[in-house]
Amino acid sequence: MSGEKEKSTVTSAPPSPSPSSVAPSVEFSKGINGLQKVILRESRGSSAEVSLCLSVSLSLRFRSASFHSPFRILTLWAKLCEYGLFIFSVLFAVQAIFKPPKAIRGGIPICFPQFASHGTLDQHGFARNRFWAVDEDPPPFPTNTLNKAFVDLILKPSEEDTKIWPHSFEYRLRIALGPGGDLMLTSRIRNTNSDGKPFSFTFAYHTYFSVSDISEVRVEGLETLDYLDNLQNKERFTEQGDALTFESEVDKIYLSTPTKIAIIDHEKKRTFVLRKDGLPDAVVWNPWDKKAKAMADFGDDEYKHMLCVEAAAVEKAVTLKPGEEWKGRLELSAVPSSYCSGQLDPQRVLQGS
């Protein structure tokens with residue numbers, strides 16, 4: 001298939017803007033036990049609820065109007081506390097175990113400043129295990145937020161972080177809810193080192209998708225591409241099939257991928273569409289039966305109902321000089337489909353608007 005190849009985006013940091021105003025689609029109120037709550041709404045009926053709870057943790061749940069039936073609901077949570085930021089959804093959440101500082105499996109953990117073991121830090125870096133704050137007065141993002149409800153989060157390094165990764169940075173994340181319930185994540189990472197030193201990082205939105213049966217799933221958009229196989233010492237191969245299907249463990253990093261990827265679930269008659277920018281790679285992972293049984297926070301049979309397809313920047317680390325900023329954007333949408341009956345043409349999904 002054809003698709004536009006993308007490059008990591010690095011720009012100079014803009015000057016400090018004037019304070020931004022709260023969008024009309026955002027309202028603040030009191031939730032359970034008097035905790036502050038933010039409700040994001042969009043015109044077609046989708047809504048997101050952000051509640052400050054527990055030890056300054058934040059939860060986000062959103063109802064999608066993507067499906068005709070009001071009972072077809074997508075739900076996501078973003079947890080912000082000392083064990084990190086996660087965006088959970090019916091995409092997939094396993095039998096999570098909460099043992100700080102260990103990360104919770106499922107949802108969309110943020111992998112920064114390191115993906116997997118591609119560096120000297122612990123697996124997937126530290127951003128998913130750290131305290132994030134709600135930025136109530138953020139600078140404008142270079143994204144169109146017209147008719148979108150959004151919340152802005154910010155992460156800065158702690159003393160603990162600088163001991164293991166000696167750099168100063170500012171990480172801003174916008175979570176936006178678009179018309180029809182599309183979920184948009186925009187990350188902006190800026191080098192704020194005062195010593196004039198650049199730094200490099202790898203990154204991924206570690207997206208867990210919920211599927212009916214892994215054997216009934218196809219991934220379109222990665223065929224004919226080169227990939228690094230983590231199960232074979234990161235050796236480089238070329239994908240041979242006309243689509244990705246699954247019969248055993250998979251752990252691959254696809255390189256120079258197109259901006260759109262489709263995950264087609266035949267049984268659920270649903271297609272997830274990933275649209276990404278600034279994230280040239282795509283990670284595909286499923287642990288299969290043996291590894292699933294070996295993971296304490298993963299049910300023995302849960303591998304059958306999940307698939308990770310992750311927008312990432314892994315093969316070539318992103319390097320920022322002081323004052324430079326990188327942006328990586330991911331948009332997720334779910335559309336009703338029936339691929340088997342010919343009602344969905346994957347190429348139209350991938351190449352369409």
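Only a predicted model underlies this, so the values are computations on that prediction, with no experimental measurement involved.
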Peer 1: Under the criterion salt bridge (Lys or Arg N to Asp or Glu O under 4.0 Å), I'd like the reasoning laid out for Arg236 against Glu315: C-alpha separation, chi angles, the key distance, then a yes or no.
Peer 2: CA-CA 11 Å; Arg236 188 170 183 138; Glu315 183 193 23; 3.2 Å; yes
Peer 1: Backbone N or O of Ser212 within a donor-acceptor pair of the Asp265 side chain at under 3.5 Å?
Peer 2: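 Checking the backbone N and O of Ser212 against the side chain of Asp265, a donor-acceptor pair under 3.5 Å is found.
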Peer 1: Could you walk me through whether Val284 and Leu244 pass the side-chain contact (heavy atoms from CB on, under 4.5 Å) check?
Peer 2: CA-CA 10 Å; Val284 179; Leu244 272 65; 4.1 Å; yes
Peer 1: Can you find a pair of side-chain heavy atoms, one from Val219 and one from Thr245, that are under 4.5 Å apart?
Peer 2: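 Of all side-chain heavy-atom pairs linking Thr245 with Val219, none is under 4.5 Å.
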Peer 1: Between Ala282 and Leu222, what is the shortest heavy-atom contact and its length?
Peer 2: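 Here Ala282 and Leu222 meet closest at CB-CD2, 4.2 Å.
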Peer 1: Can you name the closest pair of heavy atoms from Asn193 and Ser168 and give their distance?
Peer 2: OD1-N, 2.6 Å
Peer 1: Taking the side chain as C-beta and beyond, is there a heavy-atom pair between Val217 and Leu307 under 4.5 Å?
Peer 2: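 Side chain of Val217 against side chain of Leu307, heavy atoms only: contact under 4.5 Å found.
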Peer 1: With no hydrogens and no angle check, just 3.5 Å: does a side-chain donor-acceptor pair link Asp226 and Thr238?
Peer 2: yes
Peer 1: List in chain and number order the residues that pass side chain to side chain contact (heavy atoms under 4.5 Å, CB included) with Glu310, two or more places apart in sequence or in another chain; answer none if no residue qualifies.
Peer 2: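 If we apply the side chain to side chain contact (heavy atoms under 4.5 Å, CB included) test to Glu310, skipping adjacent residues, the hits are Phe115, Ala204, His206, Val283, Trp285, Cys308.
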Peer 1: Can you list the steps and then say if Asn286 with Met306 is a side-chain contact (heavy atoms from CB on, under 4.5 Å)?
Peer 2: CA-CA 7 Å; Asn286 184 292; Met306 63 76 60; 3.5 Å; yes
Peer 1: Going by the ring pair (Phe, Tyr, Trp, His ring centres under 6.0 Å) test, name the single residue among Phe169, Phe201, Phe199, Tyr171 that passes it with Trp326.
Peer 2: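 For Trp326, the ring pair (Phe, Tyr, Trp, His ring centres under 6.0 Å) test succeeds with only one of Phe169, Phe201, Phe199, Tyr171, which is Phe201.
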Peer 1: How long is the gap from NZ on Lys268 to CG on Asp213, to the nearest 0.5 Å?
Peer 2: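 Lys268 atom NZ to Asp213 atom CG measures 10.5 Å (nearest 0.5 Å).
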Peer 1: At what distance, to the nearest 0.5 angstrom, does CG of Leu320 lie from CD1 of Ile189?
Peer 2: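 One gets 7.5 Å once the value is rounded to the nearest 0.5 Å.
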Peer 1: Write down the atom of Gly278, the atom of Pro280, and the distance for their closest heavy-atom approach.
Peer 2: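 Heavy atoms only, the tightest pair is O-CD, 3.6 Å.
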Peer 1: Thinking salt bridges, do Arg218 and Glu220 make one under a 4.0 Å N-O criterion?
Peer 2: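 Yes, charged N to carboxylate O under 4.0 Å.
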Peer 1: Take Glu249 and Lys291 through the test salt bridge (Lys or Arg N to Asp or Glu O under 4.0 Å) and record every step on the way to the result.
Peer 2: CA-CA 8 Å; Glu249 180 184 358; Lys291 282 194 177 176; 2.7 Å; yes
Peer 1: If you take all heavy atoms of Asn230 and Lys234, which pair is closest and at what distance?
Peer 2: OD1-CG, 3.4 Å
Peer 1: Do Thr207 and Leu330 make a side-chain contact, defined as non-hydrogen atoms from C-beta onward lying under 4.5 Å apart?
Peer 2: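 With C-beta onward as the side chain, the pair touches.
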Peer 1: Would a 4.5 Å heavy-atom cut-off, applied to side chains only, mark Asp135 and Leu153 as touching?
Peer 2: no
Peer 1: Would you mind telling me which of Phe203, Tyr208, Phe209 makes a ring pair (Phe, Tyr, Trp, His ring centres under 6.0 Å) with Tyr205?
Peer 2: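 Testing each of Phe203, Tyr208, Phe209 against Tyr205, the sole residue satisfying ring pair (Phe, Tyr, Trp, His ring centres under 6.0 Å) is Phe203.
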Peer 1: So Glu239 and Lys252, side-chain contact (heavy atoms from CB on, under 4.5 Å) or not? Walk me through it.
Peer 2: CA-CA 10 Å; Glu239 186 61 53; Lys252 300 176 180 179; 3.6 Å; yes
Peer 1: With a 3.5 Å distance limit and no angle check, can you tell me whether Asp281 reaches the backbone of Val314 through a side-chain donor-acceptor pair?
Peer 2: yes
Peer 1: Do Ile154 and Glu170 have side-chain heavy atoms sitting under 4.5 Å apart?
Peer 2: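 Yes; the side chains approach each other to less than 4.5 Å.
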Peer 1: Find out whether His305 and Glu302 are in side-chain contact, i.e. whether some heavy atom of one side chain is under 4.5 Å from a heavy atom of the other.
Peer 2: no
Peer 1: Are a donor atom and an acceptor atom from the side chains of Thr257 and Lys276 found within less than 3.5 Å of each other?
Peer 2: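 Yes.
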Peer 1: When you compare the side chain of Ile264 with that of Phe272, does any pair of heavy atoms fall below 4.5 Å?
Peer 2: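 SC-SC contact between Phe272 and Ile264 ruled out.
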Peer 1: Mind listing the closest non-hydrogen atom pair of His266 and Glu216 along with its distance?
Peer 2: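 The pair with the smallest heavy-atom distance is CD2-O, 2.9 Å.
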Peer 1: Where does the angle between the aromatic ring planes of Trp165 and Phe112 fall among parallel (under 30°), tilted (30 to 60°) and perpendicular (over 60°)?
Peer 2: perpendicular
Peer 1: By ring-ring contact (aromatic ring centres under 6.0 Å, His included), which residues pair with Tyr227, not counting sequence neighbours?
Peer 2: Phe237, Tyr254
Peer 1: So do Leu332 and Val273 actually touch side chain to side chain, heavy atoms under 4.5 Å?
Peer 2: no
Peer 1: If I compare all heavy atoms of Leu279 with all of Ala313, which pair ends up nearest, and what's the gap?
Peer 2: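 What the structure gives for the nearest pair is CD2-N, 4.1 Å.
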Peer 1: Is the count of non-hydrogen atoms from other residues, nucleotides or ligands lying under 6.0 Å from Glu247 atom CD greater than 12?
Peer 2: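 Check fails, neighbour count at 12 or below.
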Peer 1: Output yes when a side-chain donor or acceptor of Gln232 lies under 3.5 Å from a complementary backbone atom of Asp229, and no otherwise.
Peer 2: no
Peer 1: Determine, for Arg329 against Glu331, whether the closest basic-nitrogen to carboxylate-oxygen distance falls under 4.0 angstrom.
Peer 2: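 Here Arg329 pairs with Glu331 in a salt bridge, since their nearest N and O are under 4.0 Å apart.
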Peer 1: Please round to the nearest 0.5 Å and tell me the distance separating atom CD of Glu267 and atom OG of Ser215.
Peer 2: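 OG of Ser215 is found 8.5 Å from CD of Glu267.
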Peer 1: Please tell me whether Ile164 and Ile110 are part of a single hydrophobic cluster in this structure, the criterion being side-chain heavy atoms less than 4.5 Å apart.
Peer 2: yes
Peer 1: Run through Arg174, Arg188, Arg172 and flag the one making a side-chain hydrogen bond (donor to acceptor under 3.5 Å, both in side chains) with Asp152.
Peer 2: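 The residue from Arg174, Arg188, Arg172 that satisfies side-chain hydrogen bond (donor to acceptor under 3.5 Å, both in side chains) with Asp152 turns out to be Arg174.
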Peer 1: How many angstroms lie between CZ in Phe126 and CG in Leu121, if you round to the nearest 0.5 Å?
Peer 2: 6.5 Å
Peer 1: side-chain contact (heavy atoms from CB on, under 4.5 Å), that's the test. Do Thr186 and Lys327 meet it? Break it down for me.
Peer 2: CA-CA 7 Å; Thr186 304; Lys327 182 178 72 171; 3.9 Å; yes
Peer 1: Can you see whether Ser333 engages Arg275 through a side-chain donor-acceptor pair at a distance of less than 3.5 angstrom?
Peer 2: yes
